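For clarity, every value in this text was computed on a predicted model and none was experimentally measured. Reminder, nothing fancy here: chain letters follow the sequence lines and each chain counts from 1.
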Amino acid sequence: MKESYNPKEIENKWRTDWDEKKLYQVEVDNDKKKYYVLEMFPYPSGRIHMGHVRNYTIGDVTARYKRTRGFNVLHPIGWDAFGLPAENAAIERGVHPAKWTYENIEQMKAQLKKLGYSYDWTREIATCDPTYYKWEQMVFTHMLKKGLAYQKSTTVNWCPSCETVLANEQVEDGLCWRCGSEVELKEMAGWFFKTTEYTEELLEWADKLKDGWPERVLSMQKNWIGKSTGAEIKFKLQEPVGGEESLKVFTTRPDTVFGVTYMSIAPDHPLVEELIKGKPEEEEVQEFVSRVKKQSNLERVAEGTKKEGVFTGAYAINPFTHQSIPIYVANFVLVEYGTGIIMCVPAHDQRDFEFAKQYNLPIRIVIQPEGVELDPHKITEAYVEPGVMTNSQNFSDIDSEEGKEKIIDYIEENGLGEKQINYRLRDWGISRQRYWGTPIPIIYCDKCGAVPVPDEDLPVELPLDIEFTGKGGSPLSKVESFVNVSCPECGGSAKRETDTMDTFVESSWYFLRYASPKDTDGIFDKEEVAYWLSVDQYIGGIEHAILHLLYARFFTKALRDLGMCDLDEPFKNLLTQGMVIKDGTKMSKSVGNIVDPDDMIAKYGADTVRLFIMFAAPVNRDLDWSNEGVEGSFRFLNRVWRLIFDVFEKIEGVKGVVVQLKEISKPAKELLTKTHKTIKKVTEDLDRFSFNTAIAAVMELLNDTSRFEPNGESDLSVLRESVEAMIRLLYPMAPHISEELWHELGYEETLVDKEWITWNQALVQSAAINIVVQVNGKVRGQLTMDPDSDQDQIKEAAFADEKVQSYIEGKEPKKVIVVPKKLVNIVI
RNA sequence: GCCGAAGUGGCGGAAUUUGGUAGACGCGCUGGACUCAGAAUCCAGUGGGCAUUGCGCUCAUGGGGGUUCAAAUCCCCCCUUCGGCACCA
C-alpha cells in the first residue's frame with residue numbers, strides 16, 4: 001500500500017475498471033425490486049457548474065446506496081438539447097446549432113465521467129435527435145385528434161429579444177424567464193396543449209403527492225393553478241346591447257350581492273364598444289380605453305398604479321335589489337380572468353371601496369361583524385371578513401359563509417346564474433418562432449385546412465442546411481424545400497407549419513423514454529415502462545417547481561389518456577436541492593465568484609469534491625461554497641488513508657469480525673460499540689437524505705479509531721472491523737477511495753455490488769449507559785448504569801450521588817421523574 | 001395583501017422525526033510539538049459572564065407570553081430574512 005493518497009491515479013483506475021465491467025448497465029429483472037433515481041437532465045451549455053455537481057452527486061449517492069440495498073437501480077442521463085443558446089451561437093459565431101450542441105455534449109459528458117457518476121450511458125438520449133422528437137411529434141398529432149391540442153388565435157406573450165412567444169408560466173413579473181426582457185402582448189395564432197383539461201386532477205394529486213414532495217413545491221403549484229370557488233351571476237342590462245340582454249360576472253362573494261352598487265368592465269373587453277355606442281360618454285370612454293391599452297402590461301399591473309375608470313353611460317339591474325347600477329370601465333379589471341366584468345361591492349372589497357370613494361359611488365353595508373355596527377359614511381376601509389348578512393332582505397341575519405351557499409341555491413333556482421369555479425391556470429401555448437426545436441407536424445392546405453402529418457411520415461426532420469441571420473422571424477419559413485409540400489389528404493400543394501415546439505415539451509416525457517431509449521417500434525416499450533416507472537426519486541432545483549414539474553405532470557396524464565402509458569403521476573418522490581452560492585450570492589460570471597468543478601477535481605480529486613458538496617449543507621438548503629471547507633474534506637480523506645496505511649501491517653492478516661467479546665479490552669469494546677452505532681446512524685441518515693450528518697458520523701468514527709490503541713489479537717479484529725465499516729459507509733459519497741482501500745484490504749469483489757453493511761443491535765446497546773440526573777430540571781450529575789436497571793435502581797443511585805445530595809439539602813422531593821435509559825429529574 | 005420556508009457560537013451547521021445533557025462534525029482562530037525556517041502533520045483549547053488554588057456557578061437557541069417535572073423542539077402573539085403568487089373579483 002502506498003503511503004500517500006493519490007486521488008488522480010486511483011480515480012482513473014476505478015473509473016476505467018467499472019466502465020470495462022459494464023457495472024452500470026441495467027436491465028429489467030422481475031425478481032428484483034427496482035429503484036428509479038433521476039436527476040433533471042442538463043441543457044448542454046458547454047460546461048458543468050457546481051449546481052450540476054450538487055444535483056448529480058445527490059443522485060449518484062442515492063443510486064449507489066440503493067444498489068447496495070439490493071435494488072435494481074435505473075440511473076440514466078441525457079441532454080435537454082434543444083434551445084435558444086444554440087441558435088444564438090449560430091447567429092453570433094456562425095456555428096451550426098447541431099454542431100455546437102453535440103460538441104458541448106461531448107465536453108460535458110467528459111466532465112461528468114470524471115466525477116465518477118454511476119450512469120447507464122447506454123440509455124443516453126439527446127432530445128434534438130430525430131429518433132427522439134419523432135415520438136414527440138406523434139404525441140402531438142394524437143393529442144390533436146383527442147382534442148388535447150388545438151390551435152387558436154389569441155393575445156400571447158411575446159419576448160422581443162428572443163423573438164418568440166412565451167407561455168404564461170414563462171413570464172416572471174412581466175419579464176421573460178430566460179433573458180429578462182419586458183414581455184409584450186401580441187395577437188397571434190398558435191398551438192396549445194389543453195392543460196386546463198386536467199386542472200382538477202392536478203390539484204387532487206397535489207394532495208396525494210404530499211408524502212413524497214416538498215410542501216412548498218406543491219403549494220406553489222396549487223397557487224399557480226389558483227382555484228377559486230364562487231358563482232357566476234347574470235345582471236340584466238337596462239337596455240340590451242349588441243344582442244346581449246345581460247352581463248355575467250364571476251364572484252367569490254355571492255353573499256355580498258345585495259351590496260353591489262356598480263359594475264366594472266375591462267377596458268379591452270369586446271362589449272365595451274357596444275355599451276357606449278351612440279352615448280354621450282362614447283368619446284371619453286374611447287379615449288380612456290386607448291390610453292390604458294397603450295400602457296405596457298408591466299406598467300398596468302405595477303404597484304401603485306392608480307385605480308381609474310370612467311362611466312360608460314350604461315346601466316344594469318341588480319337582480320336582488322332591483323336597483324339600477326352604473327357600469328364603469330376600470331383599468332384594474334382583467335379581461336382574461338373570470339368574465340372580464342365584475343360586480344362591485346365597495347363596503348366589502350378594498351379595491352371597490354377605493355374606486356367608489358374616488359368616484360363618489362354609494363357604499364352599502366351588507367355584512368356586519370359580530371358586535372359592531374358598521375357605518376357606511378364612517379368606514380375608512382372595506383370590511384372583507386365574514387360576518388352576518390344584513391340589508392339583504394330574506395337573507396339578512398344569516399351567517400355570511402352559509403349565505404354564500406343560500407344565494408347560490410337561489411340564483412340557480414331562479415335562472416340568475418350558477419355555482420362556478422374559476423382557475424388561474426391557462427392552456428399551455430407551445431408554438432415558438434425559432435429554428436432549434438421540434439417542428440410542429442402540421443401541413444396547411446388551402447382546401448383541407450391544418451392537417452396533421454400522418455404517423456408514417458414522421459419525423460418531420462429539421463432541415464440542417466439553413467442560414468442564420470438573426471433577423472426576419474422564423475428561420476424555417478425561409479427554407480423552401482421544407483415549407484413547400486403536398487397535402488397528405490388531397491395531394492394538392494400545401495405549406496408546412498414553421499413554428500417549433502416549446503423546449504419544455506421534450507423535458508415533459510424524457511423520463512419515460514429512458515425505460516426503452518432505443519425503441520424504434522413505438523414511443524415506449526410498455527413492459528419496460530411498467531417495470532421502471534414511476535420515478536422513485538426525482539432530484540433537481542427548486543426553480544422548476546412550476547414550469548417543468550407542472551408540464552411533466554400534465555404530459556404524463558395526457559400520455560395515459562392516449563393509451564401510451566399507464567401512469568397517473570411521473571415522480572413519486574421529489575427532492576429539491578438548494579443553490580450553490582459563494583460569498584452570499586449565486587455563482588455567476590458577472591459577480592466573478594464562479595468555482596469551476598474541473599479545477600477542483602484537478603486539485604483534490606472527484607471524491608473530495610463530492611464529499612464536500614454533500615457535507616457542507618443539508619440538501620434542501622443553499623450551500624455556501626468555501627475553499628477552506630474543501631480543504632477540510634480533502635484532509636479528512638487523507639486522514640482515512642493514513643490511518644489505514646498506519647495500521648495496515650497489523651490488520652492485514654486479521655479477520656474483520658470479532659467473536660468473543662470477553663477477549664477484548666475496554667477501549668476495544670467502546671470502539672466496537674461506536675462502530676455499530678455509526679453504521680446505524682449512517683444508514684438511517686442516508687435513508688432520509690441527511691448526507692451531511694452521515695458524513696459527520698463517519699468523521700467521528702475516524703477520530704475514535706485513530707485514537708484507539710489495540711491491545712492483543714482480538715483488539716486488532718475490532719480495529720479491522722471499524723476500518724472496514726468506515727470504508728463501506730463512505731463508499732456512496734466517495735466511491736473511488738473506498739473501492740481502492742477495500743481492495744488494499746484484500747478483497748476482490750467490487751463495493752458497487754457489495755451488499756450494504758448492517759449493524760448488530762446488541763452491540764449498539766452498549767454495556768453501560770449514561771444517565772443524567774437533574775434537580776429541578778438542571779443537570780447536577782451523571783450516572784453510569786446497566787441498561788437493564790429498573791426505575792428503583794436508577795432512583796436509588798441518583799439519590800446516592802453526593803453532588804445530587806448537596807442540591808437536595810435534605811429536603812423531601814415533591815416528585816421524581818425517571819425516563820428509562822436517559823434521565824432522572826428530582827423536583828424539590 | 002395571501003401562501004410557504006427559515007431564524008442556534010466568528011462561519012457552515014448538529015440536536016426538531018420521538019420534548020429529556022444545546023452547540024456533534026467541519027471551517028476559522030489561539031497555544032504547543034516537529035523544523036534552521038516554512039509548508040504539511042500531530043496534540044490541546046475555543047458560546048458569553050464569573051471563578052479559574054479545585055471540582056465549578058450562571059446566562060444563552062430572533063423577541064414576548066404559555067403548556068410541562070423538563071421546551072431550540074409543542075401552543076399563542078410579534079419581529080426579521082428568503083421564496084412563490086398577486087388590481088385574480
Side-chain angles (χ1 to χ4, degrees), chain A residues 4 172-173 214-228 230 249-253 256 263-264 266 300-307 330-334 336-345 348-352 354-355 384 422-424 542-543 545-546 578 611-612 615-618 620-633 635-636 638-639 642 681 684 688 690 692-703 706-707 770-782 802-803 813-819 821-828:
Chain A
S4 66
E172 296 169 349
D173 295 326
E215 198 189 320
R216 69 174 170 146
V217 174
L218 294 174
S219 115
M220 277 190 221
Q221 291 204 356
K222 279 191 209 164
N223 231 324
W224 184 262
I225 293 168
K227 178 177 184 170
S228 41
V249 302
F250 173 72
T251 179
T252 56
R253 293 294 304 271
T256 64
M263 291 173 83
S264 295
R300 223 177 122 180
V301 302
E303 212 168 318
T305 300
K306 236 175 100 189
K307 284 169 191 43
N331 65 346
F332 64 89
V333 183
L334 306 171
E336 65 266 21
Y337 188 81
T339 62
I341 308 171
I342 60 171
M343 62 177 223
C344 297
V345 188
H348 305 294
D349 180 284
Q350 188 57 25
R351 274 170 323 208
D352 297 348
E354 285 166 31
F355 194 86
V384 297
N422 240 298
Y423 303 92
R424 218 182 67 97
I542 185 75
E543 66 273 17
I546 295 168
L611 192 78
F612 172 71
F615 177 64
N620 51 4
R621 275 207 243 167
D622 284 353
L623 182 152
D624 209 343
W625 187 271
S626 140
N627 288 330
E628 292 78 19
V630 184
E631 292 273 356
S633 292
R635 225 168 4 235
F636 166 70
N638 273 289
R639 289 183 63 207
R642 205 170 329 113
K681 165 103 179 123
E684 287 168 356
R688 60 187 182 114
S690 182
N692 56 330
T693 54
I695 293 166
V698 181
M699 287 173 169
E700 280 189 56
L701 180 60
L702 171 74
N703 292 342
S706 302
R707 259 178 241 128
N770 193 34
I771 289 175
V772 170
V773 186
Q774 296 181 334
V775 178
N776 283 342
K778 287 187 174 163
V779 182
R780 298 302 187 190
Q782 313 266 332
E802 221 175 280
K803 212 163 146 245
K814 284 191 196 126
K815 203 170 179 182
V816 179
I817 292 111
V818 179
V819 183
K821 293 177 191 180
K822 271 195 177 149
L823 142 161
V824 185
N825 190 9
I826 299 165
V827 188
I828 55 171

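B:C57 and B:U8: their P atoms are spaced 28 Å apart (whole Å). For the C1' atom pair drawn from B:G19 and B:A70, the interatomic distance equals 8 Å after rounding to whole Å. With P as the reference atom, B:A60 and B:U73 are 13 Å apart, rounded to whole Å. Rounded to a whole angstrom, the distance from the C1' atom of B:U16 to that of B:G23 is 14 Å. Across B:G62 and B:U81, the matching C1' atoms stand 11 Å from one another, rounded to whole Å. Rounded to whole Å, the C1' atom of B:A72 lies 15 Å from the corresponding atom of B:U18. Taking atom C1' in both B:G9 and B:G45, the straight-line distance is 15 Å, to the nearest Å. Between B:A44 and B:C27, the two P atoms lie 14 Å apart (nearest whole Å).
Residue A:Arg642 has no polar side-chain atom (N or O) positioned under 4.0 Å from OP1 or OP2 of B:U41. OP1 or OP2 of B:C27 has not a single side-chain nitrogen or oxygen of A:Asn627 nearer than 4.0 Å.
For A:Asp352 (side chain) and A:Val345 (main-chain N/O), a donor-acceptor pair under 3.5 Å exists by modelled atom type. Side chain of A:Arg351 to backbone of A:Lys307: no donor-acceptor contact under 3.5 angstrom is found.
Counting to the nearest Å, the P atom of B:A22 and the CD atom of A:Gln774 are 7 Å from each other.
For B:G9, the O4'-C1' to base torsion is within 90° of 0; the nucleotide is therefore syn.
Side chains of A:Ile542 and A:Met220 form a contact here, defined as non-hydrogen atoms less than 4.5 Å apart.
Applying the side chain to side chain contact (heavy atoms under 4.5 Å, CB included) test to A:Lys227 and every residue at least two apart in sequence or in another chain returns A:Glu200, A:Leu203, A:Thr229, A:Ile421, A:Tyr423. By the side chain to side chain contact (heavy atoms under 4.5 Å, CB included) test, A:Ala616 is found to be paired with A:Phe612, A:Leu623, residues two or more places apart in sequence or in another chain being considered. Taking the side chain to side chain contact (heavy atoms under 4.5 Å, CB included) definition, one finds that A:Ala694 meets it with A:Val682, A:Asp685, A:Leu686, sequence neighbours left out.
With hydrogens and angles left out, the side chain of A:Asn223 and the base of B:C85 share no donor-acceptor pair within 3.5 Å. The base of B:C87 sits within donor-acceptor range of the side chain of A:Lys307, with an N or O pair under 3.5 Å.
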Give me, pair by pair, the N or O atoms of the protein and of nucleotides 30-33 of chain B that are less than 3.5 Å apart, along with how far apart they are.
none

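Going from atom CG of A:Asp349 over to atom CD1 of A:Ile342 covers 7.0 Å, rounded to the nearest 0.5 Å.
Helical stems in RNA chain B, defined as runs of 3 or more consecutive Watson-Crick or G-U wobble pairs with both donor-acceptor distances under 3.5 Å, are listed by first residue as B:1-7 with B:79-85, B:10-12 with B:25-27, B:28-33 with B:41-46, B:47-50 with B:56-59, B:62-66 with B:74-78.
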| task | Take nucleotides 10-19 of chain B nucleotide by nucleotide from the 5' end and write B, S or -, depending on whether a protein heavy atom sits under 4.0 Å from the base, only from the sugar-phosphate, or from neither. | result | --BSSS----
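At a threshold of 4.0 angstrom between heavy atoms, the contacts of A:Arg424 include nucleobase atoms, whether or not backbone atoms are also involved.
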